[in-house]
Amino acid sequence: MRKLSASIREGAMAYLKRQYKVLIIFFIAMFVILSIMASFGMLTWFVPVAFVVGGFFSGLSGYVGMSIATRANARTANACQTGLNKGLRIAFSAGSVMGFTVVGLGLLYISVWYLLLKVVFGMDEGAITSAMLTFGMGASAMALFARVGGGIYTKAADVGADLVGKVEAGIPEDDPRNPAVIADNVGDNVGDVAGMGADLYESYVGSIISACALGYTAFAGSATVSAPAAVTFPLLLAAVGIICSMICTFLVKTGESTAQTELLKALSRGTNTSAILIAILAIPMVYFVFGSGNLGIYGAIVSGLLAGVLIGHFTEYYTSDTYKPTQNLAAESQTGAATIIIGGIGLGMMSTMAPVIIIGICIMCAFGFTGGFADANMGLYGIALAAVGMLSTLGITLATDAYGPIADNAGGIAEMAGLDPEVRERTDALDSLGNTTAATGKGFAIGSAALTALALIASYVQQVQLVGGPDIQLDLQVMNPAVLVGIFVGACLPFVFAALTMNSVGRAAQSIVIEVRRQFKEIAGIMEYKADPDYATCVEKCTSSSLHEMILPSVLAIVTPIVVGLILGYNGVIGMLTGSTATGFLLAIFMSNSGGAWDNAKKHIEAGNFGGKGSECHKAAVVGDTVGDPFKDTSGPSINILIKLLSMVSIVFAALIVNFHIF
């Protein structure tokens, strides 16, 4: 087990080192561009530095999480020899390291910059929030590269291993005879751990920064509430959320039953209690900071908390095999791969309705509770605080998400090390739970991204007005051609981005399929355990392909808002941001939930339903799961970074767009 864990860790670290070498070139180039803009007075000189530091912290959060995850996988497999609860506790504790690293680094980054600008440079809150709005781009850029690159790696390896190993050769999942098995386990870490860590670090920082900026605008002229109090309140709320999440990690425990309902209760107990504690503690916080006249702010925070819990519940309903949608999807495998693919697409489309309704109600409640219908600035602050409220439980929510890949790796190690079937049964139960919590975590991330993106759009409007002064004429009517064209361009972007990432996975997977077939054919004795496969070649092919394929989608996200702005102007950019947020939110949920349901439909069959492992139904489900892999682990989760990065880039380049545009 130690040897296998070390191989996985070495492969994961080798990938990250090569990825960071590529990204250093990108960050140097962007530092030069931002420095040139600063020299012309379009940005403050803090922005180029903050861009690099933000990217570093985002990458560091993923690196630390992955470093712990690749050490906890063998420990989890070993613990499952003793009992299910011990395995759950180790995997969840390792996931907690990831969760609290992300929120700790995020809060540290914002707090240090705030104190630096306030105390050392003597800037007021208006100048501080205006400067800090531009500080999130580095984290967003790093998150997108990490998520896209890691997603391509993990799914290329997964698809190659499944199609040739399970479908063609008929060997079990994570069988040591499969040449792609180590690459598959490495991919779980670089995609689902390092990528997710960078992703949610960026969400966390973006939501807090936008809330701080909108807080200053809402209370700048208030006689009862000071602007500094409104600016620092999101930081206070985030800090309380971290403490509540830490306390509630000790509530996650289970018995020895492998039933998914019992395991889901164990994790839900921790996340739901954390949300309840924050809801209780937010009452005195709002009262002492804003006074009795602004208690509606509490309603906005609770709206965000409830929205996060409800989105998680509906995601669980559509993706867990304890509920009818995924059970019915598994039943469709009885008529072949085509019907299970059709059913999964329909399930994903249907699953978008509930989150849209929830986010819509959350926005209206947050806007209304804070008096937005009388003062729009107050309403926008309420929406931003709803996003912070939703992400205030991120410490424990991300722990439940990061736990999944650790359990998946533990199952692979148990299979490759030849542990007792009882151990594999326990790791399979934890892995199946991990699939559901991963889907729930993605739903949570996408929902928070929608709220954060709305707050960032509002912040972009303010940045344009600040840069342009009284000469700015915002015309956001739908019939304004620039806005209308911007909406269409923005609506198209998530689809183009998803297509690029899906095709990237397809091309990378093809190389793995060909390599695995070659090894089965040319290396005599693999199937009889007389010869070892060449694991290193598959790892190298996945690494090279993912680093090459991640560049175009990521650059597209950075370049598009600048090009749209230079052609259509700031009104067109607002249209683009609106269109991309609307379609990106829907497409991300659809892809994530379809993929999660296909995965758990396969697990449902592997548990002994519809003929069990090796049956025709199982083969059909494996094909469905293979289609769903890039849906749920590459394209879907990357889109929520896309919609925020578009806003971040627009904010940073606002001065350029205001001064230079055609229409």
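Everything numeric here is computed off the predicted structure, so don't read it as measured data.
- Side chain of Ser580 to main chain of Gly490: no donor-acceptor pair is present (N/O by atom type, distance under 3.5 Å, no hydrogens or angles).
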Practice item. Could you walk me through whether Thr583 and Leu587 pass side chain to side chain contact (heavy atoms under 4.5 Å, CB included), step by step? Key: CA-CA 6 Å; Thr583 61; Leu587 189 61; 5.8 Å; no

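- Gln477 has its side chain out of reach of Val483: every pair of non-hydrogen atoms, C-beta onward, lies at least 4.5 Å apart.
- With hydrogens and angles disregarded, a donor-acceptor distance shorter than 3.5 Å links the side chain of Asn640 to the backbone of Pro637.
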Check your understanding: Is there a side chain to side chain contact (heavy atoms under 4.5 Å, CB included) between Phe100 and Thr249 once you walk through the steps?
Key -> CA-CA 11 Å; Phe100 293 113; Thr249 57; 3.7 Å; yes

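- For the pair Thr501 (side chain) and Ala498 (backbone), a donor-acceptor distance under 3.5 Å is present.
- Judged by distance alone, the side chain of Asn571 and the main-chain N or O of Ala482 form no donor-acceptor pair under 3.5 Å.
- Atom-to-atom distance recorded for Met378:CE and Leu214:CG is 11.0 Å, nearest 0.5 angstrom.
- Judged purely by atom type and a 3.5 angstrom limit, Ser58 has no side-chain atom pairing as donor or acceptor with the backbone of Gly54.
- Aromatic ring orientation, Phe46 versus Trp113: perpendicular (interplanar angle above 60°, classes split at 30° and 60°).
- Within the 4.5 Å cutoff, the side chain of Val309 has heavy atoms near those of the Asn272 side chain.
- Proximity of Met142 to Leu23: side-chain heavy atoms (C-beta onward) are separated by under 4.5 Å at one or more points.
- Ser245 is not listed as a side-chain neighbour of Ile242, based on a closest heavy-atom distance of 4.5 Å or more.
- Annotation: the span from Leu642 atom CG to Ile558 atom CD1 amounts to 10.5 Å, rounded to 0.5 Å.
- Atom CD1 of Ile311 and atom CG of Leu306 lie 11.0 Å apart (nearest 0.5 Å).
- To the nearest 0.5 angstrom, Ile641 atom CD1 is 12.0 Å from Met648 atom CE.
- Inter-residue side-chain proximity for Val231 and Met132 is flagged as unmet; no heavy-atom pair is nearer than 4.5 Å.
- Annotation for Met37: atom CE counts as buried by contact number, over 12 foreign heavy atoms lying within 6.0 Å.
- Across all non-hydrogen atoms, the minimal contact from Tyr204 to Ala238 is OH-CB, 3.2 Å.
- Centroid-to-centroid, the aromatic rings of Phe233 and Phe290 come within less than 6.0 Å.
- Rounding to the nearest 0.5 Å gives a distance of 7.5 Å between CG of Leu133 and CG of Leu456.
- Between Phe51 and Phe31, the distance separating the two ring centers is not shorter than 6.0 angstrom.
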Point to revise | Derivation and outcome, side chain to side chain donor-acceptor pair (under 3.5 Å), residues Ser140 and Glu202 | key: CA-CA 5 Å; Ser140 295; Glu202 177 259 353; 2.9 Å; yes

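- To the nearest 0.5 Å, atom SG of residue Cys362 and atom CG of residue Leu305 are 9.5 Å apart.
- Panel note: side chain Ser392, backbone Gly389; a donor-acceptor pair is recorded below 3.5 Å.
- Proximity of a side-chain donor or acceptor of Thr134 to a complementary backbone N or O of Ser130 within less than 3.5 Å is not detected.
- Atom CE of Met123 sits in a crowded spot, with more than 12 heavy atoms from other residues, nucleotides or ligands closer than 6.0 Å.
- Summarising the local packing, OH of Tyr287 is surrounded by 12 or fewer heavy atoms from other residues, nucleotides or ligands at distances under 6.0 Å.
- Here the closest heavy-atom approach between residue Val388 and residue Pro234 is recorded as CG1-O, 4.0 Å.
- Remark: Tyr63 OH is loosely packed, at most 12 non-hydrogen atoms of other residues, nucleotides or ligands lying under 6.0 Å away.
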Exercise for review: Would you please test Gln19 and Leu16 for side chain to side chain contact (heavy atoms under 4.5 Å, CB included) and show each step?
Suggested key: CA-CA 5 Å; Gln19 184 185 52; Leu16 277 193; 3.7 Å; yes

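- Residues Ile359 and Gly447 come closest through the heavy atom pair CD1-O, 3.7 Å.
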Exercise for review: Run the numbers on Glu125 and Tyr114 for side chain to side chain donor-acceptor pair (under 3.5 Å), then give the verdict.
Suggested key: CA-CA 9 Å; Glu125 270 64 30; Tyr114 180 83; 2.6 Å; yes

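- Scanning both residues, Cys248 and Leu277, for their nearest heavy atoms gives SG-CD1, 3.8 Å.
- A donor-acceptor contact shorter than 3.5 Å is absent between the side chain of Ser222 and the backbone of Phe219.
- When Val564, Leu566, Val559 are each tested for a side chain to side chain contact (heavy atoms under 4.5 Å, CB included) with Ile562, only one passes: Leu566.
- Looking only at distances, a side-chain donor or acceptor of Thr129 sits under 3.5 Å from a matching main-chain atom of Gly126.
- Taking both residues in full, the closest heavy atoms of Ser554 and Phe145 are given as CB-CE2, 3.3 Å, listed atom of the first, atom of the second, then distance.
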Check your understanding: So Leu568 and Val573, side chain to side chain contact (heavy atoms under 4.5 Å, CB included) or not? Walk me through it.
Key -> CA-CA 7 Å; Leu568 299 177; Val573 171; over 6 Å; no

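- Contact between Ala386 and Ala366 at its shortest, heavy atoms only, is CB-CB, 4.0 Å.
- Taking the side chain as every heavy atom from C-beta outward, Ile472 and Tyr570 approach each other to under 4.5 Å.
- Taking the centre of each ring, Phe27 and Phe56 stay at or above the 6.0 Å mark.
- Within the 4.5 Å cutoff, side-chain heavy atoms of Tyr381 are placed close to those of Ile297.
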Practice item. For Thr393 and Thr397, run side chain to side chain donor-acceptor pair (under 3.5 Å): C-alpha distance rounded to whole Å, both residues' side-chain angles, the deciding distance at 0.1 Å, then the answer. Key: CA-CA 6 Å; Thr393 62; Thr397 305; 3.2 Å; yes

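- Formation of a donor-acceptor pair under 3.5 Å by the Tyr109 side chain with backbone atoms of Val53 is not found in this model.
- In this structure the side chain of Asp199 reaches within 4.5 angstrom of the side chain of Met196, judged on heavy atoms.
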